[in-house]
Amino acid sequence: MTLGVRVIHRAHPMNRPQMNLFADIRALVLTNLAAMVEAGQLPDGLATDNVTVEPPRDAAHGDMATNAAMVLAKPAKMKPRDIAEMLSTRLAEDERITSAEVAGPGFLNLRLDSSVWHGVVAAALRAGTDYGRSDLGAGKKVNVEYVSANPTGPLHVGHTRGAVFGDALASLLDFAGHDVTREYYINDGGAQVDVLARSVYLRYLEAHGQEVAFEDGTYPGDYLIGVGEALKAKVGDAFVDKGEQFWLAEVREFATEAMMDLIREDLAALGVEMDVFYSEKSLYGTGRIEAALDDLRGKGLIYEGVLEPPKGKKPEDWEPREQTLFKSTDHGDDVDRPVMKSDGAWTYFAPDIAYHYDKVQRGFDALIDVFGADHGGYVKRMKAAVSALSEGAVPLDIKLTQLVKLFKHGQEFKMSKRAGTFVTLRDVVDEVGPDVTRFMMLTRKNDAMFDFDLDAALEQSKENPVFYVQYAHARVTSVMRKASEAGFDLPHERLADADLSGLTDPAELAVAAKIAEWPRLVETAARTNEPHRIAFYLYELAQVFHALWNRGNDDPTLRFLQDSEEASMPKIALASACAVVIAAGLGILGVKPAEELR
RNA sequence: GGACCGUUAGCUCAGCUGGAUAGAGCGCUGCCCUCCGAAGGCAGAGGCCAGAGGUUCGAAUCCUCUACGGUCCGCCA
């Protein structure tokens with residue numbers, strides 16, 4: 001920003017920036033409740049946490065509704081409608097509120113002066129794509145771990161959903177004021193990377209002209225052919241016909257690196273960028289697993305014991321064995337979990353504990369793990385571990401992403417890891433592009449199964465939510481282009497300061513009201529860790545926008561572009577504010593807003 | 001045997017952590033372009049929120065049980 005005297009606009013009193021209208025009105029309600037206590041109309045010491053101010057489901061109920069009277073009735077030992085009446089006369093005195101009616105069991109329905117909506121539009125334009133940013137997470141460091149696929153091959157569709165979900169969640173939390181770290185845990189310490197190494201070794205022999213057979217327990221996928229050749233280029237024939245002890249460690253290293261390069265490329269194709277790649281291997285032989293377990297041991301949570309066999313399962317090869325166990329039942333788990341096998345090696349759970357111990361020690365205030373649904377069985381033990389390690393101070397939320405089924409031409413794409421054929425992230429992105437992939441993946445709750453129809457995702461119609469939202473944005477761009485061609489000069493700053501009193505039609509105010517919901521929606525989405533809410537909101541915003549647009553067909557005064565610059569200004573301000581919110585929302589989802597559609 | 005997730009219109013899905021007459025898209029019926037992109041919009045029909053109990057002023061939402069579908073259950077990651 002340049003130095004100098006800034007012109008301070010003496011804004012219209014109603015045009016002051018309102019970053020969250022619902023929060024403002026809720027504050028107003030609380031103030032008046034306090035005044036009622038002061039005046040002896042309400043008893044002192046009532047909890048107001050549950051008082052909400054929200055958009056009513058039915059537009060006929062006004063612009064906002066508060067449940068204050070109903071929430072307070074019981075503790076105040078008063079009738080809800082009596083409280084509502086008193087509150088209503090007070091609220092009606094505020095200049096922003098044109099009416100406050102008691103309705104139903106004790107709701108208070110508020111109607112707002114249209115200048116309030118004008119203020120919302122101005123605020124959105126002033127803040128630009130920062131409109132709706134929240135300080136909800138101010139001062140909170142959050143770690144979001146997602147994807148974390150084994151480095152044994154390219155990412156497949158299931159990973160794609162986790163990648164999109166985790167990435168959008170991270171952006172959402174960032175938008176809500178958190179200090180976010182995006183993290184990927186590389187499972188490079190277990191037996192599966194040995195399998196990878198052996199598989200690459202076979203491809204390596206193949207590159208040397210040998211006939212090889214891929215037995216069970218090896219990865220037969222084509223994607224390792226190049227790695228085998230690369231290995232040959234690097235070491236020549238040094239490993240040919242040698243025992244594992246000569247090559248396993250080196251090939252494992254080489255192959256893991258190659259797979260991580262592959263995965264990083266896959267993520268880049270989707271537009272996902274991690275802050276941290278954390279290696280499981282780095283936990284071994286460095287005392288870090290031991291340190292984490294010592295911490296638990298110090299809390300009396302590690303013991304030697306024998307687990308009961310799981311009931312209902314055939315205990316054919318079950319033998320009672322003494323193992324080192326973590327007393328996870330003390331922290332909400334159903335059974336205690338082994339951290340060391342009977343042969344003295346760590347279970348997979350041990351490095352997981354150490355990894356989360358490390359996250360806790362890095363000072364995060366909250367942890368989020370995004371797992372595939374097939375890892376649902378580990379939720380309780382991981383939560384137990386973090387609870388124990390942090391002594392309950394660091395919450396761990398684990399979001400499971402359900403299965404994705406891909407359809408094309410009405411047929412399901414099947415995947416089979418055994419045969420080495422599976423639908424990869426790359427297949428999907430190549431087919432429909434990263435933007436469509438990302439948006440579509442967020443049109444379902446994370447814990448609901450998702451049938452992804454690739455044909456529908458490319459369709460240019462209302463059926464396709466990506467298109468529908470992009471279309472709204474493109475229409476605004478089109479208006480701006482036309483305005484510019486007409487010689488109008490309407491930058492956001494000018495629009496924000498414009499007299500918006502010309503916006504009076506219900507269709508126009510509906511768009512403004514939707515825009516007013518944005519900051520509130522961001523907060524609920526962030527609080528619940530549910531980025532899909534953003535996608536659904538954008539669809540709704542596009543909906544009211546398209547409705548207004550079409551009203552312009554019948555009623556020329558509702559068109560965005562009017563004859564004069566002055567007359568166009570409030571209309572275009574509204575359209576621009578709408579575009580700003582769409583751009584901000586798409587930004588969170590990692591989707592580029594479209595300037596035009598073809 | 002147990003744990004976790006799901007079950008809402010004919011189909012695909014939302015439902016803002018307990019609020020009013022439960023919403024959207026597709027499909028179905030009827031309308032709207034001499035007009036900023038109709039790639040859109042408006043209106044209508046369509047529901048025992050899987051079922052049964054419970055909690056309270058109030059339940060699709062919270063608790064218990066049941067049914068169906070999915071994922072998983074010590075020495076595999």
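Residue numbers begin at 1 in each chain, while the letters A, B, ... track the order of the sequences.
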Base, sugar-phosphate or nothing for [X]? Non-hydrogen atoms, less than 4.0 Å.
X	answer
A:Ala103	base
A:Thr52	nothing
A:Glu280	sugar-phosphate
A:Asn109	base
A:Met340	nothing
A:Ser461	sugar-phosphate
A:Gln543	sugar-phosphate
A:Tyr348	base

Say we look at [N] and [M]: how far apart would their [atom1] atoms be, to the nearest angstrom?
N	M	atom1	answer
B:G1	B:A9	P	30 Å
B:G46	B:G30	C1'	16 Å
B:U12	B:C75	P	37 Å
B:U55	B:A60	P	16 Å
B:U29	B:G10	C1'	15 Å
B:C49	B:A43	P	26 Å
B:G23	B:G47	P	14 Å
B:G44	B:A22	P	15 Å

Run the salt-bridge test on [X] and [Y] with the 4.0 Å N-O cut-off and return the result as yes or no.
X	Y	answer
A:Glu508	A:Arg551	no
A:Glu517	A:Lys514	yes
A:Lys79	A:Glu85	no
A:Asp435	A:Lys592	yes

To the nearest Å, give me how far apart [atom1] ([X]) and [atom2] ([N]) are.
X	N	atom1	atom2	result
A:Asn67	B:G58	CG	P	16 Å
A:Leu442	B:A14	CG	P	12 Å
A:Gln460	B:G40	CD	P	9 Å
A:Tyr219	B:C76	OH	P	14 Å
A:Leu307	B:G74	CG	C1'	6 Å
A:Leu541	B:A24	CG	P	17 Å
A:Leu72	B:C57	CG	P	15 Å

Checking contacts here: which listed nucleotide ([options]) is nearest the side-chain heavy atoms of [X]?
X	options	result
A:Phe467	B:C16, B:G25, B:G40	B:G40
A:Arg559	B:G40, B:C36, B:C4	B:C36
A:Ala65	B:A24, B:A20, B:G6	B:A20
A:Lys482	B:A14, B:G40, B:C36	B:C36
A:Ser342	B:C75, B:G41, B:A77	B:C75
A:Asn553	B:G41, B:G40, B:U7	B:G40
A:Lys74	B:G40, B:A77, B:C57	B:C57
A:Tyr378	B:C76, B:A24, B:C16	B:C76

Under the 3.5 Å rule, do the base of [N] and the side chain of [X] count as making a donor-acceptor pair?
X	N	answer
A:Arg520	B:C16	yes
A:Asn550	B:G40	yes
A:Arg321	B:C75	yes

Do the side-chain N or O atoms of [X] get closer than 4.0 angstrom to the phosphate oxygens (OP1, OP2) of [N]?
X	N	answer
A:Trp549	B:A38	yes
A:Arg444	B:C13	yes
A:Lys462	B:C26	no
A:Tyr355	B:A77	no
A:Arg475	B:A38	yes
A:Lys341	B:C76	yes
A:His532	B:C16	no
A:Gln402	B:C4	no
A:Lys445	B:G6	no

Flag if over 12 foreign heavy atoms under 6.0 Å of [atom1], [X]:
X	atom1	answer
A:Glu540	CD	yes
A:Glu308	CD	no
A:Asp343	CG	yes

Exercise. Please check if any side-chain donor atom of A:Asp336 sits under 3.5 Å from a side-chain acceptor atom of A:Tyr303, or the reverse.
Key: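 Side-chain D/A pair, A:Asp336 to A:Tyr303: present.
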
[N] pairs with, by Watson-Crick or G-U criteria that keep both distances under 3.5 Å:
N	answer
B:G58	none
B:G74	none
B:A45	none
B:U21	none
B:C26	B:G10
B:A52	B:U64
B:G69	B:C5

Practice problem: Classify the angle between the aromatic ring planes of A:Tyr471 and A:Phe467 as parallel (below 30°), tilted (30 to 60°) or perpendicular (above 60°). | Solution: parallel

Self-check item: 5' precedence on RNA chain B between A:Pro338 and A:Asn446 (nearest-nucleotide basis)
Solution: A:Asn446

Quiz item: When you match A:Thr443 and A:Phe560 each to their closest nucleotide on RNA chain B, which lands nearer the 5' end?
Solution: A:Thr443

Practice problem: Would you say whether A:His61 stacks on B:A20? The test is a distance between ring centres of less than 5.5 Å and an angle between planes of less than 30°. | Solution: yes

Quiz item: Would you call A:Leu589 and A:Leu538 a side-chain contact if the rule is heavy atoms closer than 4.5 Å?
Solution: yes

